[in-house]
Amino acid sequence: MSPEELQAARDTVIPDVIAGGLSVLFCGINPSLMSGATGHHFARPGNRFWPVLHLSGFTPRQLKPSEQGELLSYGLGITNVVARATARADELDAEEFREGGRLLAAKVERLRPNWLAVVGVTAYRTAFGDRRAQIGPQEHTIGTTRVWALPNPSGLNAHWTAQTMAEEYRRLRVAARSALD
């Protein structure tokens, strides 16, 4: 993809992969320019969302971003805190995150997934005004939906390896499964 094509995707909004009653609704920070250009979530090369989703056992094989629609058959979905595509998350300001949090809460109340999994604890902290939030399950709920903060799968997040991220995602998968039993 050319630099011009990527820049043309700036501020693009890509459709959510959602349905009512999901087991887990994953929520990214916002789409990358690659996601905006392709219309697929977590499409940037180097983003570890798809490998980690598989390593953690959420999917039986590693899906490609273009196969994102298959998530629904596993009771999973994807949305974002902020809908518009940018080159970097630091292009978003705190008010955009807070407004995104309000819109996300309304979406979650309408769709009622069992879990909302925000991939990026800093985005979660800003969107929901919880400065002390840590990776893992949160006390905060949205209606009956439980909330879990997960590590950001961006390749820029060097604090987490794909394997350590998969362990945290697996903790959520086990919690989501036990909630259904």
Side-chain angles (χ1 to χ4, degrees), residues 1-19 22 24-74 76-94 96-97 99-101 103-104 107 113 115-128 133 135 148-170 172-173:
M1 185 144 315
S2 74
E4 294 79 22
E5 290 171 307
L6 287 175
Q7 285 306 314
R10 184 172 295 281
D11 299 325
T12 300
V13 175
I14 62 174
D16 290 336
V17 177
I18 55 175
L22 294 170
V24 179
L25 177 59
F26 291 95
C27 180
I29 297 170
N30 77 305
S32 67
L33 294 181
M34 181 66 75
S35 288
T38 63
H40 303 127
H41 294 272
F42 301 104
R44 185 175 182 187
N47 190 296
R48 298 170 290 179
F49 178 79
W50 298 104
V52 167
L53 209 60
H54 172 61
L55 286 170
S56 65
F58 272 110
T59 60
R61 65 179 180 84
Q62 184 176 321
L63 299 177
K64 298 176 194 148
S66 61
E67 298 173 309
Q68 66 188 14
E70 290 186 33
L71 289 175
L72 296 174
S73 68
Y74 304 120
L76 309 172
I78 303 176
T79 190
N80 288 288
V81 176
V82 176
R84 71 182 184 93
T86 61
R88 295 178 324 278
D90 65 6
E91 295 177 39
L92 307 171
D93 63 29
E96 266 186 291
F97 276 111
E99 178 61 18
L103 295 171
L104 178 59
K107 187 180 299 182
W115 288 91
L116 171 67
V118 180
V119 295
V121 70
T122 303
Y124 173 80
R125 289 174 183 151
T126 306
F128 292 100
I135 296 294
W148 197 294
L150 289 168
N152 183 342
S154 167
L156 301 174
N157 183 2
H159 298 294
W160 291 81
T161 66
Q163 198 58 50
T164 57
M165 266 190 265
E167 291 168 15
E168 188 61 34
Y169 281 57
R170 188 175 299 110
L172 168 60
R173 182 181 57 79

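- Between E91 and N30, every side-chain heavy-atom pair lies at or beyond the 4.5 Å cut-off.
- Under the salt bridge (Lys or Arg N to Asp or Glu O under 4.0 Å) criterion, D11 pairs with R84, sequence neighbours left out.
- The line from NZ of K107 to CG of L25 is 7.5 Å long, rounded to the nearest 0.5 Å.
- Inter-residue side-chain proximity for P151 and H159 is flagged as unmet; no heavy-atom pair is nearer than 4.5 Å.
- Nearest heavy atoms, A85 versus G36: CB-CA, 4.1 Å.
- By the side-chain contact (heavy atoms from CB on, under 4.5 Å) test, H54 is found to be paired with T59, Q62, residues two or more places apart in sequence or in another chain being considered.
- In terms of heavy atoms, P65 sits closest to A43 at CG-CA, 3.9 Å.
- Within the model, atoms CZ of R88 and CG of L33 stand 9.5 Å from one another, a figure rounded to the nearest 0.5 Å.
- Taking the side chain to side chain donor-acceptor pair (under 3.5 Å) definition, one finds that T122 meets it with nothing, sequence neighbours left out.
- For F97, there are no ring pair (Phe, Tyr, Trp, His ring centres under 6.0 Å) partners at least two apart in sequence or on another chain.
- Side-chain atoms of E99 never come within 3.5 Å of backbone atoms of E96 as a donor-acceptor pair (strictly under, hydrogens ignored).
- Atom OG1 of T79 is separated from atom CZ of F26 by 13.0 Å, given to the nearest 0.5 angstrom.
- Between Y74 and P60, the closest side-chain pair of non-hydrogen atoms falls below 4.5 Å.
- Taking 4.5 Å as the limit, every side-chain heavy atom of L63 sits out of range of all side-chain heavy atoms of Q68.
- Separation of atoms CD1 (I18) and CG (L76) is listed at 14.0 Å; rounding is to 0.5 Å.
- Residues L104 and C27 have side chains in contact (heavy-atom distance under 4.5 Å, counting atoms from C-beta outward).
- Under the ring pair (Phe, Tyr, Trp, His ring centres under 6.0 Å) criterion, W50 pairs with no residue, sequence neighbours left out.
- Qualifying ring pair (Phe, Tyr, Trp, His ring centres under 6.0 Å) partners for F42, counting only residues two or more places apart in sequence or in other chains: F49.
- Residues forming a side-chain contact (heavy atoms from CB on, under 4.5 Å) with R44 (at least two apart in sequence, or on another chain): S32, M34, L156.
- Contact annotation: the side chain of Y169 approaches that of V119 to within less than 4.5 Å [non-hydrogen atoms, C-beta and beyond].
- Distance alone, capped at 3.5 Å, is enough to place a donor-acceptor pair between the S35 side chain and the H40 backbone.
- A distance-only check finds a donor-acceptor pair linking the side chain of R48 to the backbone of W160 [under 3.5 Å].
- Here A8 pairs with nothing under the side-chain contact (heavy atoms from CB on, under 4.5 Å) rule; sequence neighbours left out.
- In this structure, E5 has no salt bridge (Lys or Arg N to Asp or Glu O under 4.0 Å) partners at least two apart in sequence or on a different chain.
- Under the salt bridge (Lys or Arg N to Asp or Glu O under 4.0 Å) criterion, R170 pairs with no residue at all, not counting sequence neighbours.
- Sorted by first then second residue, the salt bridge (Lys or Arg N to Asp or Glu O under 4.0 Å) pairs that include residues 158-169, not counting sequence neighbours, are E168-R171.
- Evaluation of the side-chain contact (heavy atoms from CB on, under 4.5 Å) rule for N80 yields P31, H41 as partners, not counting sequence neighbours.
- Residues L92 and T126 fail the side-chain proximity criterion, which asks for heavy atoms closer than 4.5 Å.
- Closest non-hydrogen pair, A19 versus L22, comes out as O-CG, 3.3 Å.
- A 4.5 Å side-chain heavy-atom check between I29 and V81 finds every atom pair outside the cut-off.
- Taking CG of L150 as the reference point, atom CG of L172 lies at 5.5 Å (rounded to 0.5 Å).
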